[in-house]
Each structure stands twice: as C-alpha cells, then as structure tokens.
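Chain A is the first sequence line, chain B the second, and so forth, proteins listed ahead of strands; every chain is numbered from 1.
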Amino acid sequence: MNITRSGRVLAIAAAVSVSALVLSGCAANEAPVEPTATPLNISGKLTGAGASSQAAAEDAWIADFQMTNNLVDVTYDPTGSGAGRTAFISGGVSFAGTDSYLSDKELASTFAACTPGTKVFEVPVYVSPIAVIYNVDGVTDLNLDASTIAKIFTGAITTWNDPAIVALNPKAKLPATAITPVHRSDDSGTSKNFSDYLFQNAKADWAIEKPADKFPFEVGEAAQGTAGVVAAVANGTGTIGYADASKVGKLTVANIKVGKDFVAYSPEGAAAVVAGSKPVAGRDKSDMAVDINRTTTNPDEYPLVLVSYAVGCLSYADAKVGPLVNAYISYLVSEQGQALAAKAAGSAPLSADVQKQAAAIAATIK
Amino acid sequence: MSTEVERVTTSKRTLEPKVLWLTAAASFLVSLGVFVVLSMAGITSGFDIVATVLWSAFLYVALSYVMSRIVEGKRKATDRLVAGVVTSAFVIALLPLISLIYTTVADGLNRLDGTFFSSSMRNIVGEGGGGLHALIGTLEVTLAASIISIPIGIMTAIYLVEYGRGKLAQAVTFLIDVMTGIPSIVAGLFAFALFAIFFGPGIRFGIGGAVALSLLMIPVVVRSTEEMLKLVPNELREASYALGVPKWLTVVKVVLPTAIAGIITGVMIAISRIIGETAPLLIIAGLSTNMNYDLFNDRMTTLPVFVYTQYANPGRDAQAYLDRAWTGALVLILIVMALNIIARILAKVLAPKGQR
Amino acid sequence: MTSATTSQPALRAPRRLGDRVFSIAATTSGVIILVVLASVAIFLVSKSVPALVATDKEVTDVGMSFWGNIGPLVFGTIWAAALALLFAVPFAIAIALFISHYAPRRIAQGLGYAIDLLAAIPSVVYGLWGIMVLAPAVQPIYVWLVDNVGWFPLFAGPVSGTGRTVLTVAVVLAVMILPIITALSREIFLQTPRLHEEAALALGATKWEMIKMAVLPFGRPGIISATMLGLGRALGETMAVAMVLSPAVIVSFALLQSQNPTTIAANIALNFPEAHDLGVNVLIATGLVLFIITLIVNSLARFIVNRRKAFSGAN
C-alpha cells in the first residue's frame, strides 16, 4: 500500500510539474536569436513534404537556414515520396522531396502552386550510398558481386558457405548458417534503386525489368523503414540487408564489385557516379533528373546509390513563396548546405559541376 | 450422497495457508535452482528469469492441486487449481508489462531532464532539444478529441439504453459496430479529405487530428458506457419512477451515478486508445518542430508522432534521436498514468456510497 | 424481473420538458454518428471504386492490384487477430477474476491499475519493444520448436532468423488488447448481484463453483462485448504490426517462418506513403474491406449478446 501511495504521489508530482511547464510558455530554444550570418531579406512560412530518406538532412538544413534567416519558418513532412509529389501537384505544399524523379505523366499535369504555363524544377539535393549490411558470426570482411547479391535476395543461395560466396571470399571463415535476407516491407526508393542496380548488373539472376518501390520477391524477411531493416539485421543471426549507408551504425558492410575491384561505399564514390550519369532524355533544362550509371566499371565510383530530388515551381502563383523557395533551395545545393547534410545525415555532397548546375537553376526560381 | 460425504471431509481437513506459502516458496526455489544450474552448465545462454517465473508458477499450481486433492478432496482441489491458474495468469500478464516499463524507463531516463520539457525541436540537430511542442500538441489534441467524443459517446449510449427503440436505435447500434472497424489511417484520410474541401489541400492543423481521433474514440466510449448502463438494475429505475422522478432526472441522478465508475474506466480506455495514435495525425496534423499552441492553425506535433519520427528518421547521431524517442514514450505513459489517477479519484468522489 | 418494453407501458415515468430536451439531445448524438458514418462510407466507397474496376493495364502501371492482394490480406488480418484473441481472452478473464474475486480487496485496485497501464502504452512503443526486446528473446525458442516439433504444420521450418513472425505479432497484439478486455470484464464481474453470489456460497459452493454459477453467466454478454472491442483493436492495429512483422502477401499457417501473412491495416501504413494514382485507391479499397470484416464480426457478437439479453439490467 505504501508503495502504491508513494507511486501516486510521484505521479501527481510529475503531472503538476508537467502542467507547470506547460503554463510557463514558449520553449527555451525558441527565444529570438541573433542570426549567425547576415540574413536575407525574407520572411514567412515555407512547407515541403516527401521522401523520408531526406528527413534527417532536411532537419539539419532547416535548423541552419532558420538560424540565419530567423523570420522564416520551414517545415518538411517526411510523408514519403509519392505522397510528397501528390501534395505538391495538388498545391498542398510548396516543394516536394522525392526519391524518384517525376514521371512523364506527372510532368504533364497541372501544378496548382505554379504560375499557369510555367515549368517546374527538379534538382538533386541528397545523394546517399546504399550499403549492403550483414551480421554473420566471425565474418568481418565480405566481398559480393551483383549476381551473388541477386541470388541471395531471390533465395537461390541459402547458406553462408555457398560455393558462390566462398569463391568471392577465399579467406573468410564462412559458417554453414542459413542466410536470412532482409528487405524493406514498405515501398521505398531504396528498394527501387537496389533493384535497378541488380537488374542492370545481373540481368540473368534478377529478372525485374521495371524496378518499383516495392521489393519484388517474397523471399526472406521484410522490415519497415531503414531503421527496421537495420534493427532486424542487427538483432538476427545470419542476416543480410540493404540500407542507406548513413544509418548502418556499427554493422558490418559488404564490398561490392565494380569492374574488377571490390569497393566499399564512400560519399565520394556516390557523388562521382551521379556526376558521371546521363540526364533523362527529353527533359527541360530546369530538370536535372538522371538515370544512374549502374554498370560503371570505374572503381572510383559506387553505383549502388540513391538520388533524392527537390521538386518545385520555377515561378510561384503566390509571389511571397517564390523568394523563400529560391533562398532555401539555393542553400540546399550550396557547398555549405551539402557539407552540413554530409555531417548531420551522412549523405554524399554533390560534385562541383552538379552543384553549380543546380545552383544556377535555383537562382531563377521566383 | 457422495457430495455430502465430501463436504463433511472438506470442512474438517483443510490445507493451512502456511503450507501453501511453503509450497510456493519451494517451487520458486526449485525452478530457480534448476535454471541457475542450467545457465552455469552452459546449456541455456544466461540466466532466464522469465522461464523461472513461468516454471515456478506451473510447479506451484500442480503441487497445490495434488496436495489439496489428497487432503481436501476433489471439489476443493479444483477450487485451488482455479485460484492458482488465475493468480498465475495475472503474474504472467505482468511479465510483458514489467519488461515494457523497464525498457521504457531505462531508456527514457537518459533524456528525462529539464531540457526535454523546456525545448522544442526547432533548430535542433543531433543532441539536445526536447518534446515540449509535442507534449502541448498531445494535450491539446487529446483534450479536443475528448470534448468532441465524450458527450456524443455518452449521450448516444444513454439514447441506446434508455430511450432507443425501433429502427433508429438499431441503425445507431449497427453504425457503432461499423465505426469500431474504421482503421485509424482511414480516419486520418477521411478527416484530411473533409477539411481539404473547405481549406484546400495544404491544410494541416491540430483540430483536424482531433476530429480524426474522435472517429476512433466515439465507438469505444459508446460501447463501454452502453455496457455499464445496461448493468444498472432495473429495480433502481423503477424505484425512482415510483417516487415520481422524471425519466431524465432518473438517468442523471440514479443511472449515471450508479454506473459512473465503469463509465470513467471506459472513457479512460478510449483516451488511452487514441492518445497513442500516430498514423492519422501524420496525415492531418502534420509534423512540426516548432511550438504551436493554436489548435486551429498550423501543424501540430503530438508525442506519438514525435516518438515515431525520432525513431524512423534519425540523423547521423542515431542514439540521440532514439533517446528522445524513448523519453517521449515515457512522458506519454506518465501523462496517461496521471489521467488515470484523476479519473479514479473522480470516480470515487462521484460514485454513490455503499458499493463495492 | 419486470420488463418495460413497449408492449408493457405500465411503467411509464412522468414526461416533462427536461425529458424532452434530454431525449432530443440523446437522439441528436445518435443522428450525428449516423451522418458522420454516412460520410465516411461515401468517402471510402467513392475512393475504392476505381480500384475495383481497374483494367489490367492500369494495374500493371502501379504494380498493385486489389483483387490480387485482397485474399491473402484478409486471411492475414483475421489470422493475426484470431491468434491474439486466443492468447488474450483466457488471460483477460483470469486476470479480471483475479482482481474482482481473488486478490485481497486492499490491493485489488492497485493491481487493476497496473493492468490498465498496459492500455496506456502507445502502439509505437509496443512496436519498439516488439522489435528490440521480444523478437530477439523468442527467436531461440522458435529455433527449438522448429527443430523438435517441426513436423507439426504450424511450427514448420525454415525458422525465421530474427523472430519477427506472426506469432510474435500475435503476442504483442495480445498484450495490447489484454487491458481492454480485462478492464471491461472486471467492471462487469464486480457488478454481479451480490445476492446471487451469496446464495451460491450459502448452498455450500466453493469459490470456483460460485464463479461458474453466478459470475460468469452474468458477465458473459459483457465478456463478449469486451472481446469484440479488443478484436476491433487487434484487427485495426497499424503501427505495432507494421514495425514488428516481417510481412509478405501470402496465405500461410506457419507461425515461425520469415514470410508471414500481413494485415490490411499494416499494409496500408507500409505502402501508403509511396502510393500514387491508382495505388491510393487500391489501399483505400482494402481499408473498406477491413471495415466490412469488422462489421461482420461485430454483428455476430451483437447477435450472440442479444440472445442473452435476459441478463441485462435494463432490458
């Protein structure tokens, strides 16, 4: 009885302190701050929505952007790429973040937020290598090629000491444990890029011609979100999965075969492959959508990457929004913005050329 | 005849409580010993407290049944068996609770500090920051949802139990059943579609979330209140009518107070049900890192959404995000605990005397 | 018990203005629900129709078909919820009995409160707990089960490497719905007329016999009602299932494998963010199906409860 009573007293004390805090007003960190740099002459609210892959980077960007421009409120809803694109097209948000570039059908639609008759822009803002992560007792260094990865994730290879894996890793002590491949259970750009990479490099073992956001096979485990895949791989035995490289934590990461070498993921390699990729044919100048060069043989490039874009109007119907988007997107693709995302979210900064091109487009937004 | 004989024996020979306590202690010690030995011998990896509790409960129930069967006879033994099973069920159900609370408290304490309650997430990257904005959001949205749902829910239940006859009552009963089946995400989509008609597709505000949550809350309130009202003996109503009390006053002064404890429990279940919702709020209330006191304007973050986004979209320093998530969860549990206590005190004050 | 049905207007309280106001207020609440639900239904149906009538070409464009997925999804939803009920209901009744009739009166309230706490834990936390604590803890048990009783179809291998199977989800769901069923059952058990109980005891019944004869029959409609509330939650639970389960769109009774049938609600939550065009309609159409499933289950329960109306005080 005493325990219950003191528990209650504690809980009531907690409730009282909570309500006291609630009544005490604004949050401590929201007091007006001195701008850290000379602010631009802008103010107002800017909302975006879309890919959750960008969420951590957007958080960092928004914080830094608002520190400088203290009269601006930027919000980014990580609702998912599809929802973000839909919201932007219907005018619900001013810009969208998306892991897949706009489809031709979407490009042909009317964008409610834009001045009628004007085009939209599409610039890469967030490039992240995708890491193949695994958790096998006693194995700390693993080399894999696209064909082997494809066979593992389609269920053709089922144990870690399969001859195909042993051939690639003559020195490793591979156990006879069963392989549990872990893929994304939700639709995601990560799955799409992973699938595209495997198809381009191992068509025979991965017969998925049109990569989709949904993982194409009913094999192995599925887990929700990057965090879910990482947790499943970390907590399981004999597991292997794929996840945005910045979120893999302490898990061991496989090297993938590019040309004749096995390369580990690196931000530089990811940025390099994007810089070396061809733009999507038939698009406007303001559209920087690229088809990634998955079959590169240059060992300085890491072809298993995810490119996430920012999409918005070149000219906004609401004159107040244009300058905000201009300033924000310009900041995102600036050297400073890219470096911050690399530090806070582990992305690969855009290469100098891509960055310059994106900055030029962002400068024309009005 | 045989029952007669048995009853005589049962009244004479009974198991002393002391013996039963000893049996319980012995079963616990035996299983403890077995599992310690097993873990030391390396057969199981580490000492397993859950298995120990399960096995000692099982041992105790079995032993007490056998002993009682020998000493007290079959009927008493069955009685003891049921008592044992019921008690063990309770203990076993406590295991996940303890595990959950332990995990939440252990991980949540890391960030249960002043900063958490005095900061929002505006301009925060990595460590620091807090959930004040989410705390305010949760309190406001839940309060708004309760203000919408509780009167409608209780009045509907009163209608169904006290007034409802014929087609309309049947239709309402049916619809309440339908309503319990609304998936939470559909409630969010519906609220969004509804408000988008009036305010455009960019609409995100707290009250929209409250409306979505009301859709989920109303059927729970109706169902549980209805059940409690039905349990009020008709004799009470009849006695009241016999004294010339009008029906509405009978409901207010006799029926509701009699059922009030149960109704409050039902309302608390309903609040607990919605206070932890994530999916619909992500759609209609949006996500914000800023403070927002205004339910009718701008995005509003609630604690579950805060917890979910901190878990799902961490930055480089994932541990800082995970710590905030657990602390958010802990605060949410504390809020519901506080609400529960208030409700219990209310129930006690409001309930008529002379009840159990 | 005298009944006050319409056929017997003998017992009629005096009608006053207050009566009419109260009656109108109560009726209005009923009508509000009617209107709200009608609009939800219209919304759902209108958004579902495109998915129901989609041509093959449209389906291949979004890579998601309603008719191709709905069977396994319905199966998964019912399967997971049924397993959860299988675990939760016996426990809930036992716990409710423990609190109402076995535990010492002084601590009973505190214990009931501890169970109520489970209801307060948000599903996100259940999800986190399920994936971080429960799944790794039960995985070795699953390995043992598959190795030793794998011949039994439910426990067939190959075993999941992470423990995130439908059985784990069912346990999580059971823990989630336990407090809902317990809280209502407990209140109802406490309402058992004391005369009935004392009469049974006076006849020499043991405690269990008294419960069997007086408490359980009295509480049965309430237990069913409470179970239905729990089932409603289990059927519609989204986040916890989405986070814990390793889903696949399949029909399978195996409890311990990597591929598990997924539920409608979890499937919506997982795929909605990236859904576009027809995909949105497909998902909402599955939501409509969930709606209908719950409706059928509830109607069934309603039917059972109504047959036993004699036990209600306000019949």
Side-chain angles (χ1 to χ4, degrees), chain A residues 1 3-5 7-8 50-52 78-86 89 98-100 103 105-106 135 155 158 177-189 191-192 210 212-225 227-228 231-240, chain C residues 60-64 72 104 106-107 109-111 113-114 117 127-128 130-137 139-140 143 157-165 239-250 252 257-260 262 266-277 279-280 283:
Chain A
M1 200 61 202
I3 298 165
T4 349
R5 189 163 295 162
R8 284 183 183 190
S52 53
T79 48
S81 302
R85 291 197 302 270
T86 312
I89 292 170
T98 171
D99 293 342
S100 316
S103 66
K105 194 179 155 204
E106 282 169 331
N135 182 9
T158 54
T177 328
I179 299 181
T180 304
V182 183
H183 60 82
R184 291 281 289 265
S185 63
D186 49 339
D187 292 358
S188 89
S191 291
K192 188 175 182 175
K210 255 174 99 184
D213 289 333
K214 186 183 258 337
F215 186 83
F217 298 99
E218 302 283 15
V219 170
E221 299 248 335
Q224 184 200 19
V233 172
N235 293 331
T237 48
T239 44
I240 183 167
Chain C
T60 39
D61 276 355
V62 289
M64 223 187 313
R106 275 176 42 210
I107 62 165
Q109 267 220 326
L111 296 179
Y113 183 50
L117 249 189
L128 282 176
I131 195 170
M132 306 261 187
V133 180
L134 186 64
Q139 204 266 342
V143 172
V159 67
S160 154
T162 59
R164 295 161 50 256
T165 75
M239 254 341 160
V241 179
M243 286 167 82
V244 177
L245 189 69
S246 162
V249 183
I250 52 163
S252 156
Q257 294 179 2
S258 285
Q259 287 99 50
N260 301 282
T262 183
N267 188 57
I268 295 178
L270 286 176
N271 297 322
F272 194 78
E274 296 297 330
H276 50 89
D277 304 331
V280 177
L283 290 177

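Taking both residues in full, the closest heavy atoms of A:Ala222 and C:Ser246 are given as N-OG, 2.8 Å, listed atom of the first, atom of the second, then distance. Here the shortest heavy-atom pairing between C:Met132 and A:Asn235 reads CA-ND2, 4.1 Å. The two residues C:Gln259 and A:Val219 have their closest heavy-atom pair at NE2-C, 3.5 Å.
A:Ala212 does not touch chain C: none of its heavy atoms, backbone or side chain, sits under 4.5 Å away. Contact of A:Arg85 with chain C is made through the side chain alone, with heavy-atom distances under 4.5 Å. The parts of A:Ser185 that come within reach of chain C are both its backbone and its side chain, each placing non-hydrogen atoms under 4.5 angstrom from that chain. Within the 4.5 angstrom heavy-atom criterion, only backbone atoms of A:Ser188 (N, CA, C, O) approach chain C.
Judged as a salt bridge (charged side-chain N to carboxylate O under 4.0 Å, His left out), and not counting sequence neighbours, A:Asp99 has no contacts. Under the side-chain contact (heavy atoms from CB on, under 4.5 Å) criterion, C:Ser258 pairs with A:Thr180, A:Glu221, C:Ser160, not counting sequence neighbours.
When each of C:Leu245, C:Ile250, C:Val249, C:Val159 is checked for heavy-atom pairs under 4.5 Å with chain A, C:Val249 comes out on top. Per-residue counts of heavy-atom pairs under 4.5 Å with chain C were compared for A:Ala223, A:Pro78, A:Ala231; the largest is that of A:Ala223. Taking chain C as the reference chain and counting heavy-atom pairs below 4.5 Å, the highest number among A:Ser52, A:Gly50, A:Ala178, A:Gly220 is found for A:Gly220.
By the 4.5 Å heavy-atom criterion applied to side chains, A:Asp187 and C:Asn271 are counted as neighbours. The shortest distance between side-chain heavy atoms of C:Ile131 and A:Gln224 does not fall below 4.5 Å.
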